[in-house]
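Computed over heavy atoms, backbone and side chain alike; hydrogens, waters and symmetry mates excluded. Convention: sequence-line order gives letters A, B, ...; per-chain numbering from 1.
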Amino acid sequence: MEIDDPVTNGNTDAVMTESTPPFTPSPPVPASRLSQLTESLKLEHQLLRVPFEHYKKTIRANHRYLEKEVTSVVSSVGDLADNNWSKDVTVSRLTSLVSRLQGLKRKLEEGSNVENLQAQRCRARIDHLDSADAENITEWNNTKLKRILVDYMLRMSYFETASKLSESCNILDLVDIDIFREAKKVIDALKRREVAPALAWCADNKTRLKKSKSKFEFQLRLQEFIELVRADSYKQAIHYARKHLTPCGATHMDELQRVLATLAFKSTTECTKYKVLFELGQWDILVHQFKQEFCKLYGMTMETLLNIYLQAGLSALKTPYGFEEGCTKEDPLSQESFRKLALPLPYSKQEHSKLVCYISKELMDTENPPLVFPNGYVYSTKPLKEMADKNGGEVKCPRTGLVCNYTDLVKAYIS
Amino acid sequence: MDPIATVKDGFNQVAKRQKHYHTISQAVTDGAFEGFVESLVQILTKNDPKTVLTELKLKLDSLLPINHLQESQKETNTSLTKFEKVLGKSDMFPASRSIDLDHQLVDKMLVEYFYRQGLFEVGELLIKEAEVEVDDQLSEAIARSLEIRRVTEPLKEKDTEPAMRWISENRENLKEEASKLEMELVSLKYWEMLRQRKRSEALRFARAHFPKFASLHSVKIRKLIVALLWVRDLENYPHSEELFPLGWDKASRELTKQYYNLHGQPSSSLLAVALSAGVESLPRLLKLVRVMGLENEEWGEMKQLPVDLELGDEFRFHSVFVCPVSREQSDEYNPPMMMPCRHVLCKETILRLCKCCSTRRFKCPYCPAYTTAAACRQLYI
């Protein structure tokens with residue numbers, strides 16, 4: 001990193017006396033690291049967003065709680081002062097208020113501790129992003145690989161494996177196992193046609209869902225209504241509708257009307273418009289909707305990270321040579337399964353020549369330039385030189401068998 | 001400006017405001033508490049409740065400037081929203097095409113990856129949790145990883161016995177690699193003994209093992225023996241780094257690579273290679289998608305990426321020649337041709353330069369030499 005320090009730049013000989021104020025300009029970040037950081041930040045949105053959402057929620061909840069308690073305490077005092085209660089009543093009331101204040105104080109402290117922990121988590125992640133630099137980039141990328149795998153396993157619900165992996169690689173701070181466990185509970189319940197955990201989740205994240213104008217809670221309620229109709233408990237259904245569906249009815253009138261009309265049909269109706277509403281496939285739609293809301297809330301992609309990175313990687317690795325018969329085993333595209341995956345993806349583009357020696361499998365460059373046999377076959381200098389040293393100056397082309405003298409070889413200039 | 005610094009700043013702001021809020025709320029609660037206790041005491045010591053209470057009310061009103069609290073809350077909230085803006089939106093969506101990943105296949109590859117990395121317990125757990133079908137291929141892969149681990153794990157404790165044994169067992173398949181690796185391991189072990197000041201032991205070891213390498217590595221052996229004189233000051237032995245081109249870690253990795261090579265398997269998990277390639281290339285890919293204004297699915301429908309994603313050299317598995325003039329990749333229909341002046345162009349460029357007339361002379365774009373198309377030789381890379 002070049003540190004261009006205009007202040008001390010000519011004064012390196014000058015004695016740094018106490019009179020010179022310690023001026024430490026922040027070194028200008030070199031362009032490559034800057035772009036690397038910007039990109040890294042964009043890609044790691046999920047990493048930072050999740051703990052931050054929790055942190056924000058706790059802060060807001062604590063705010064609301066304190067406000068409520070304080071106002072109620074003050075109003076109770078006012079109430080006491082205005083009316084003429086007897087001494088004993090006043091004393092008992094005051095004591096209860098005092099204990100309430102004590103409870104409030106304790107809760108504030110607890111809340112503050114929880115917030116601190118969450119803030120720490122956020123900071124740890126920001127620091128992790130910051131820690132990526134040229135020296136430890138392989139190590140950092142290795143951690144990234146593990147994180148991608150943990151994300152895949154969490155989404156597939158392999159919780160134990162994910163925890164074990166995170167523990168073994170010390171990335172517990174960087175993964176969010178708990179929210180996926182919660183999500184699984186909701187999804188399992190929905191698969192069992194139970195709406196309660198999903199509703200609880202909605203209540204928990206009410207503000208966020210409202211901000212994104214989510215229809216999810218409404219859909220859940222509609223489905224419960226349909227279930228009641230299916231069970232022929234019409235009275236309950238109507239009661240339920242009055243209680244839960246009318247508030248959001250105004251915004252979603254069409255849908256509401258359609259679903260309410262199911263009252264008129266039995267669950268085994270053949271009328272297609274309403275048959276569809278009774279189908280069990282509706283629950284799958286709900287599960288899908290939940291996943292969407294969940295991912296939107298935490299800034300996550302609907303696809304697993306593994307999917308995304310794998311596609312990008314396969315496309316970057318895809319060359320026509322990868323599909324040939326004698327393709328080296330090191331190329332992931334040599335494997336049938338990857339070939340299938342890579343089929344619809346675009347080929348990679350190369351802008352510079354890079355020659356890999358057939359003998360040594362190393363790249364040819366200025367230190368190891370390409371040498372050409374009389375028949376046009378090209379290999380790198382090092383293995384050919386070794387071959388010549390061992391065979392008295394003679395070299396043999398491994399692919400055609402042509403033998404010639406090392407001195408007959410010609411250096412090619414490939415830019 | 002450094003984006004991470006911006007994020008850090010934003011977050012620090014939030015934390016600061018929240019801390020401020022907490023100090024205020026603490027002060028307020030404490031003050032209220034004291035006031036309450038005081039009034040209680042006063043009432044109990046026979047003062048008129050009503051006056052005490054009015055006093056308390058006034059005190060509370062002055063103490064609890066709810067506005068103060070609310071303001072602090074508001075400040076925290078604004079810093080929260082500001083931070084959210086700094087975080088921005090997730091940018092991955094353009095790249096997330098939904099493809100049909102065969103989960104069973106991925107799980108199998110994951111198991112193999114874990115075993116290769118030495119994370120045996122994780123691998124076992126995954127087999128159980130994902131109900132991976134352990135067919136012949138997979139169990140072979142697992143057995144292989146266990147076997148190579150038995151050889152390379154002792155190297156961490158600087159015990160070269162199992163590794164040496166394995167090398168001698170597979171000597172004829174390994175050919176020259178065998179002696180290179182053996183020499184490396186033997187010299188590392190010898191050096192370790194010197195580090196531990198076991199001079200006579202080291203000498204005995206050298207007598208037993210160095211002679212067979214005498215022809216190939218005589219210079220190195222000489223340097224190693226002379227190091228005996230430096231036992232007390234080993235770090236300052238001149239040019240000691242040259243003696244060990246690999247070192248313990250790389251030797252271990254090289255062993256693993258040779259092992260997998262012998263069994264005709266790739267030297268690292270293919271899934272890991274593909275994912276690492278993805279990690280390196282995704283930023284550029286996203287930038288490309290953004291700059292081209294592509295939608296979700298469109299980037300995948302292109303026949304070829306318009307931009308080089310610049311993967312590192314470790315992902316280079318095939319030779320590729322790109323004509324410096326036309327910037328096209330050469331293939332069997334358009335092979336690289338070398339001109340007598342040793343510069344290389346692709347066939348189409350040469351044809352274009354000589355206007356398809358094979359006897360017409362044209363000048364090489366890189367040097368003053370003139371040549372004809374007929375004088376160019378095809379190269380096989």
Side-chain angles (χ1 to χ4, degrees), chain A residues 29 37-39 41-42 45 56 63 66 77 80-81 87 90 94 98 101 105 112 119 126 129-130 141 144-145 158 160-161 164-165 299 301 303 308-310 312-314 316-317 319 321 328-332 335 337 346-351 353-356 363 376-378 412-415, chain B residues 2-4 7-8 15 22 25 29 32-33 36 40 43 49 53-54 57 60 73 80 90-92 95-96 105 119 122 125-126 129-130 266 270 273-275 277-279 281-283 285 302 304-305 308-309 311 313 316-322 324 329 338 342-344 377-381:
Chain A
V29 186
L37 286 175
T38 329
E39 292 306 332
L41 199 57
K42 290 207 176 90
H45 182 89
K56 195 172 71 164
H63 280 186
L66 182 66
V77 168
L80 272 185
K87 189 165 167 192
T90 331
L94 262 186
V98 163
L101 267 186
K105 195 156 169 216
S112 172
I126 299 179
L129 280 186
D130 206 14
N141 277 342
K144 175 134 188 178
L145 198 63
Y158 305 149
E160 285 195 35
T161 326
K164 188 88 190 139
L165 180 60
T301 53
E303 294 296 318
I308 298 175
Y309 282 99
L310 191 60
L314 286 178
L317 289 170
T319 57
Y321 314 106
T328 165
K329 286 239 173 244
E330 303 286 336
D331 185 352
Q335 211 189 54
S337 35
Y347 279 94
S348 65
K349 177 165 177 146
Q350 317 293 337
E351 271 168 16
S353 298
K354 292 235 169 87
L355 299 182
V356 176
L363 274 178
Y377 277 77
V378 182
Y413 293 99
I414 298 187
S415 52
Chain B
D2 186 357
I4 304 249
V7 168
K8 269 195 185 164
H22 269 295
S25 54
T29 357
F33 190 71
F36 269 84
L40 210 65
I43 294 183
L53 280 177
T54 12
K57 189 168 165 203
L60 279 183
Q73 266 186 15
L80 277 174
S90 167
D91 203 29
M92 299 260 269
S96 51
L105 189 63
L119 297 163
V122 182
L125 265 177
L126 184 60
E129 239 182 331
L270 291 180
V273 171
L275 284 177
V279 166
S281 60
L282 190 62
L285 183 62
M302 294 192 271
Q304 188 184 35
L305 293 172
D308 187 353
L309 290 181
L311 282 184
D313 287 340
R316 183 65 55 186
F317 303 115
H318 308 275
S319 272
V320 83
F321 174 74
V322 176
Q329 280 166 234
M338 185 168 75
R342 313 292 166 70
H343 290 119
V344 184
R377 281 199 276 166
Q378 180 172 345
L379 289 186
Y380 301 89
I381 51 174

Spacing of [atom1] belonging to [X] relative to [atom2] belonging to [Y], to within rounding of 0.5 Å:
{"X": "A:I126", "Y": "B:I4", "atom1": "CD1", "atom2": "CD1", "value": "8.0 Å"}
{"X": "B:L105", "Y": "A:S337", "atom1": "CG", "atom2": "OG", "value": "4.5 Å"}
{"X": "B:L379", "Y": "B:F321", "atom1": "CG", "atom2": "CZ", "value": "8.0 Å"}

Chain B contact via [X] - side chain, backbone, both or neither, heavy atoms under 4.5 Å:
{"X": "A:L165", "value": "both"}
{"X": "A:L355", "value": "both"}
{"X": "A:S112", "value": "both"}

Requested in this report: Verify the distance criterion only: is there a donor paired with an acceptor across the side chains of A:T328 and A:E330 at less than 3.5 Å?
Outcome: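 Judged by distance alone, the side chains do not pair up.
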
Which atoms of [X] are under 4.5 Å from chain A, going by heavy atoms: the side chain, the backbone, both sets, or neither?
{"X": "B:R316", "result": "both"}
{"X": "B:L119", "result": "side chain"}
{"X": "B:Q329", "result": "side chain"}
{"X": "B:M338", "result": "side chain"}
{"X": "B:H22", "result": "side chain"}

Query raised in the report: Of the listed residues (A:V356, A:L310, A:I414), which shares the most heavy-atom pairs with chain B below a 4.5 Å separation?
Result: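 Option with the greatest count: A:V356.
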
Query raised in the report: Between A:N141, A:L314, A:L317, which shows the greatest number of heavy-atom pairs under 4.5 Å with chain B?
Result: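 So the answer, after comparing A:N141, A:L314, A:L317, is A:L317.
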
Query raised in the report: Between B:L282 and A:Y309, does a side-chain contact (heavy atoms from CB on, under 4.5 Å) hold up when you go through it step by step?
Result: CA-CA 7 Å; B:L282 190 62; A:Y309 282 99; 3.5 Å; yes

Query raised in the report: In terms of the angle between their ring planes, are B:Y380 and A:Y377 parallel, tilted or perpendicular, with boundaries placed at 30° and 60°?
Result: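 B:Y380 vs A:Y377 ring planes: parallel.
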
Requested in this report: Flag yes if more than 12 heavy atoms outside A:K329 fall under 6.0 Å of its NZ atom; otherwise flag no.
Outcome: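 At most 12 heavy atoms, drawn from other residues, nucleotides or ligands, come within 6.0 Å of this atom.
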
Query raised in the report: Any idea which of B:V273, B:I381, B:V344, B:L309 has the most non-hydrogen atom pairs under 4.5 angstrom with chain A?
Result: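 Most heavy-atom pairs under 4.5 Å with chain A: B:I381.
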
Query raised in the report: Among A:E351, A:Q350, A:K354, which one satisfies side-chain contact (heavy atoms from CB on, under 4.5 Å) with B:V322?
Result: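 It is A:Q350, the one option of A:E351, A:Q350, A:K354 that forms the side-chain contact (heavy atoms from CB on, under 4.5 Å) with B:V322.
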
